[in-house]
Amino acid sequence: MKQYEYVAKQALAAVGIPIPAGRVVRTADDAAAAVREIGPAALKAQVLVGGRGKAGGIRFAQSPEEARAVAAAMLGMDLKGYRVQTLYAEAKLAIDQELYVSVTTDRNRKVPLIMASTAGGVEIEEVADESIVRRHVDPRVGVLPYAGRELAADLGLEGTLAREFADLVVKLYQLYQSHDAELVEINPLTVVGGHLVAADARLNIDDSALFRHREVEPIDEGSVLEQKVHAIGLAYVELDGDIAIMANGAGMAMATVDAIQHFGGRPANFLDAGGGASVGPTAQALDVLVSMKPKVIFINIFGGITRCDDVARAILQVKRTTGIPVPLVVRLVGTNEREGVALLEAEAISAYSEMAPAAERAVQLAGEGR
Amino acid sequence: MKQYEYVAKQALAAVGIPIPAGRVVRTADDAAAAVREIGPAALKAQVLVGGRGKAGGIRFAQSPEEARAVAAAMLGMDLKGYRVQTLYAEAKLAIDQELYVSVTTDRNRKVPLIMASTAGGVEIEEVADESIVRRHVDPRVGVLPYAGRELAADLGLEGTLAREFADLVVKLYQLYQSHDAELVEINPLTVVGGHLVAADARLNIDDSALFRHREVEPIDEGSVLEQKVHAIGLAYVELDGDIAIMANGAGMAMATVDAIQHFGGRPANFLDAGGGASVGPTAQALDVLVSMKPKVIFINIFGGITRCDDVARAILQVKRTTGIPVPLVVRLVGTNEREGVALLEAEAISAYSEMAPAAERAVQLAGEGR
Amino acid sequence: MAILLTRETKIIVQGATGNQGAFHTRQMLAYGAQVTAGVSPGKGGQTVHNVPVFDTVRDAVAQTGASASIVFVPAPFAKDAALEAMENGIRLLVMIPEHIPVQDTVEIVTRAEDLGVSVIGPNTFGIISPGEGTKMGIMPNHIYAPGPVGVVARSGTLSYEIAFSLTNAGLGQTTVVGMGGDPVVGQTFISVLKHFQEDPATQAVVMVGEIGGSAEEEAAEYIKAAFAKPVVAYLAGRAAPPGKRMGHAGAIIERGRGTLESKEQALTQAGARVVTMPWEVAEAVGTMLS
Amino acid sequence: MAILLTRETKIIVQGATGNQGAFHTRQMLAYGAQVTAGVSPGKGGQTVHNVPVFDTVRDAVAQTGASASIVFVPAPFAKDAALEAMENGIRLLVMIPEHIPVQDTVEIVTRAEDLGVSVIGPNTFGIISPGEGTKMGIMPNHIYAPGPVGVVARSGTLSYEIAFSLTNAGLGQTTVVGMGGDPVVGQTFISVLKHFQEDPATQAVVMVGEIGGSAEEEAAEYIKAAFAKPVVAYLAGRAAPPGKRMGHAGAIIERGRGTLESKEQALTQAGARVVTMPWEVAEAVGTMLS
């Protein structure tokens with residue numbers, strides 16, 4: 001769950017990491033008041049898209065009057081498909097240097113990873129590997145100040161900056177832990193007047209840990225359709241094709257998308273109907289696929305925990321309500337396969353038992369393929 | 001640093017452990033208001049002495065009027081040498097059962113230790129060993145709910161009580177850690193209406209950890225004289241004899257007290273002048289000894305880090321200001337011994353180099369001994 | 001023969017009295033697994049399909065001598081269950097739940113490393129050893145057969161698809177291991193491959209991978225350096241766009257890392273046979289074994 | 001011969017540029033100790049009595065190959081310093097500061113156990129091996145002499161008193177170890193006795209104990225079961241009243257535990273010679289050695 005910049009900033013401030021003076025702004029009057037208080041400021045759109053600055057999501061105001069006008073223009077604007085509802089007014093900094101620091105979880109080493117660089121201000125992917133200092137954290141020890149000092153030394157920092165950096169790393173790790181962060185990143189970590197200030201920040205919270213972070217407001221970054229399917233509790237990703245796909249299990253769903261593409265078709269979506277979903281959610285998901293008005297719907301089920309007869313019932317239920325006005329290709333095999341196939345055939349829907357010919361047929365029906 | 005009952009209770013409540021309704025009371029009016037709010041209550045003197053109840057430190061009030069009268073009588077009273085300044089008004093409980101639970105640090109195993117018993121309500125020392133369940137905590141793991149469940153099973157608890165106890169143990173350990181407790185104890189942990197309630201609690205905070213617990217108000221339990229010496233930064237314990245003692249190092253000071261007793265004398269105090277104390281504090285400490293008006297003052301110094309000439313200078317400084325109107329026995333050996341002894345001899349004070357004859361002489365001068 | 005799980009393995013089920021726990025206790029028993037005890041706090045004394053239920057793992061282990069546990073408790077309580085198991089002597093731990101916080105998993109696998117525990121999952125379908133007639137997991141019982149192929153997969157249903165096609169092609173399995181779909185999991189391709197290396201009955205290995213992370217690349221390095229048996233790899237997510245999680249918390253091409261191309265290239269260079277569609281796996285294995 | 005600390009031991013000083021650190025660096029050098037580096041964050045590049053100072057233990061160890069460290073940093077920073085030392089390869093760690101929070105010490109000794117580090121202290125005067133001409137500690141240099149007696153003490157000054165009396169009686173020391181006056185310390189009587197057991201040069205051991213805790217009782221059990229050399233014990237606190245801390249955080253008779261009587265009884269029953277006054281130690285040792 002990505003957090004807005006201002007939420008990330010407030011989290012940094014709460015653990016004692018210096019941030020620029022800033023105010024959350026939701027009206028033009030707020031913006032004027034904020035600039036009156038903190039002086040000339042950047043007004044930053046609080047949206048979760050990259051390249052916010054280039055898209056016009058960051059503007060500057062020298063005076064309260066200018067802030068009012070700029071905020072009025074920005075609030076409600078469309079930024080890469082997201083409506084701007086909140087701005088963050090932040091004092092401008094006289095930046096001497098830009099660093100980078102982050103804490104994330106290294107899935108291979110299975111421990112937290114601190115990355116730091118003196119080449120901050122750009123995405124870390126664009127920083128040369130040899131300019132990045134990496135330090136894996138032993139969870140048995142955590143991050144004590146000495147680890148920060150070693151990192152500061154690795155970066156070549158000295159004096160006050162080295163001390164402040166060591167202290168900051170300890171606090172950043174605290175934040176990573178206390179917030180169940182997948183990523184907490186300060187970029188750029190700026191040097192202003194000889195001291196460190198977190199000029200921009202990212203905080204992604206582990207979705208699975210939200211049960212212990214009730215204060216976090218859920219933000220679904222998905223499209224309208226994605227949000228609709230997520231609300232059913234299923235994993236859904238919109239793609240740009242026209243063959244709608246449902247499969248059970250994330251791996252199966254991915255493989256199904258791959259198979260459609262393999263035969264030259266264009267998958268419209270990734271939809272994992274779950275490893276053991278019952279009739280209700282399966283029917284709901286199928287309803288969504290129908291509403292997408294695809295050229296073809298392809299259902300690919302390997303019944304393990306999922307029972308083929310349940311899937312068949314869901315299909316028939318949707319057929320009764322919507323008629324399913326597009327060609328439907330079903331592959332159904334596994335647990336209760338016979339019952340499921342019989343149910344479908346009673347309604348004149350035939351089912352494949354192999355994945356390859358079924359996928360190929362779906363592509364043909366869409367008028368695509370080789 | 002022992003904490004008052006109400007501080008301990010508030011700490012329990014803060015981690016989510018149920019406590020009876022209660023209010024801190026500092027005036028008779030407070031007491032009336034508290035009883036008006038929580039109903040019939042116990043008024044408990046907030047002092048750090050044992051046997052508070054038997055000494056009249058816990059009384060009951062059925063009505064606000066009675067509470068006003070009782071509080072007026074209790075506030076300002078002397079309880080085993082301590083003046084009662086604060087009461088804690090607490091709702092009376094209909095207790096079905098009394099348990100015991102505590103977390104402390106096991107100095108031999110060097111890990112935290114949880115102790116629990118279904119024979120609560122009396123001091124744990126009075127509980128038969130076989131009625132106490134002990135569980136050492138591996139700091140690598142901490143205390144997770146399963147540990148609480150295992151303890152609950154060991155105690156023979158079932159159902160709701162087992163669940164509540166398991167939960168409580170996890171929270172109590174959190175409190176132990178977050179407060180740097182030497183001891184956190186709930187005794188009795190009562191069963192009221194089928195649920196656990198912490199009816200009385202102790203919380204001792206590690207003096208050495210106070211730097212990270214600025215919220216803790218220092219409480220010096222010592223006598224007036226002890227507090228005076230503690231304020232100089234030295235360890236001091238009042239004993240009931242008449243030979244005042246100063247030595248350097250805790251072990252030396254203990255051995256010196258032992259030596260005086262060994263020869264039949266009665267030591268007046270334990271005073272550790274520090275392993276490397278300078279002239280100032282040493283003189284201050286000696287001033288205190290003089291002010292005690294003992295029969296004899298015995299100074300026993302083995303100069304390691306402590307320099308014998310510094311000690312001699314401190315003695316001479318006090319002699320010049322107070323005259324030291326009681327017999328003084330000095331044993332001085334070690335670093336800069338020659339200079340120290342010479343300084344003393346110049347002022348007609350002779351010094352022993354061996355501990356035994358010096359201690360024996362001090363006892364003789366006090367008119368005691370065999 | 002098999003890896004990690006054999007017919008002798010005595011198993012407990014944590015969360016045995018829940019719907020999922022009870023259902024799969026029955027399925028595991030039906031497959032022949034030695035499920036000796038269930039654990040559900042407050043339910044001690046009950047039975048689940050004639051398996052005795054205890055309040056604590058401690059009691060269950062003391063009564064049955066079990067050394068393996070499969071965890072079905074809800075994700076928020078999974079760390080507690082996992083630590084309870086490990087601290088009470090369990091040395092093979094299968095973590096079924098999905099949505100366990102990643103930092104909880106980090107704690108679990110760190111402690112497992114200290115204690116020498118093999119953790120499978122979380123968010124896994126488990127492990128099955130067809131020739132041994134035993135399983136710890138939620139996979140369907142009927143799709144496997146004894147034979148010479150080891151399978152290790154990140155994804156459940158997809159592995160069923162492939163295992164079933166192997167079975168249908170007459171290629172039975174020594175052991176099928178589900179690594180789990182989470183970003184951080186206990187057993188990974190490398191550690192499972194090392195077990196297969198040691199197992200004389202395993203003559204070839206199928207890796208079922210997917211986009212995200214770099215477990216496949218790391219496995220490729222190991223294969224190149226030290227793995228002596230034929231490997232067939234199939235990876236899902238060819239058509240997945242960057243930045244989107246494909247169901248599994250671990251399946252995401254993030255900031256240019258975890259792409260299918262780098263994985264397939266690494267495995268090919270390591271000498272594995274990489275196939276592009278799941279239905280090509282069985283034939284490739286057959287060819288390599290003949 | 002000696003235990004734990006020999007002439008070969010390369011030592012670093014954490015907090016070398018502070019008053020205490022610099023003073024004792026000089027004293028240790030004067031005694032012959034191989035003090036190879038100091039560590040003081042932000043002071044890297046300076047020297048203390050010609051010893052180079054580094055910003056981190058990592059650098060100090062890399063440059064000098066030191067395996068031992070003596071810590072002089074203030075108590076609030078001691079845990080950081082201790083972990084820095086241990087995680088960077090230090091395997092003998094002397095913790096001088098007093099007033100380290102007990103729960104910090106628990107973390108330090110727990111990690112030390114995992115890494116195989118011998119921790120002396122905290123709140124200790126350190127360790128000295130007179131025959132090896134080396135020390136890590138704050139004890140005066142002139143009171144020791146080489147010889148056959150091992151000494152282990154909870155208290156500093158009192159141990160000086162006794163060591164000096166041994167020296168004056170012609171009874172030199174292999175190694176003198178200060179356990180430290182805190183409730184929780186690394187090396188205790190038992191672990192030090194085990195080292196003395198292994199040291200052929202140590203022919204008798206003096207234990208200097210005191211009220212509080214039950215380290216002496218535990219040592220007595222070990223002596224009875226497995227310690228083959230003569231032991232003389234002197235314990236302080238005979239006249240101490242219960243419930244009062246006698247200076248050391250560990251020296252308190254609390255709730256009936258930690259009394260002198262139980263300690264002396266246990267040691268006597270274990271075959272140790274218990275003397276009641278410090279000046280009786282040397283004669284007792286002499287008698288047992290002759």
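Under a cut-off of 6.0 angstrom, the local environment of CD in B/Glu158 is sparse, with at most 12 non-hydrogen atoms contributed by other residues, nucleotides or ligands. With a 6.0 Å radius and a threshold of 12 heavy atoms from other residues, nucleotides or ligands, B/Lys171 has its NZ atom above the threshold. Enclosure of atom CD in B/Glu217 is not indicated, since only 12 or fewer non-hydrogen atoms of other residues, nucleotides or ligands lie within 6.0 angstrom.
Considering only heavy atoms from C-beta on, B/Tyr146 stays 4.5 Å or farther from C/Arg58 through its side chain. Looking at heavy atoms from C-beta onward, B/Asp138 lies in side-chain contact with C/Arg111 at the 4.5 angstrom threshold. No side-chain heavy atom of C/Glu107 sits less than 4.5 Å from a side-chain heavy atom of B/Val141.
Contact annotation for C/Asn88: only side-chain heavy atoms (C-beta onward) come within less than 4.5 Å of a heavy atom of chain B.
Taking CG of B/Leu144 as the reference point, atom CG of C/Asp80 lies at 5.5 Å (rounded to 0.5 Å).
Looking at B/Arg149, its side chain never comes within 3.5 Å of a backbone N or O of C/Thr56 through a donor-acceptor pair.
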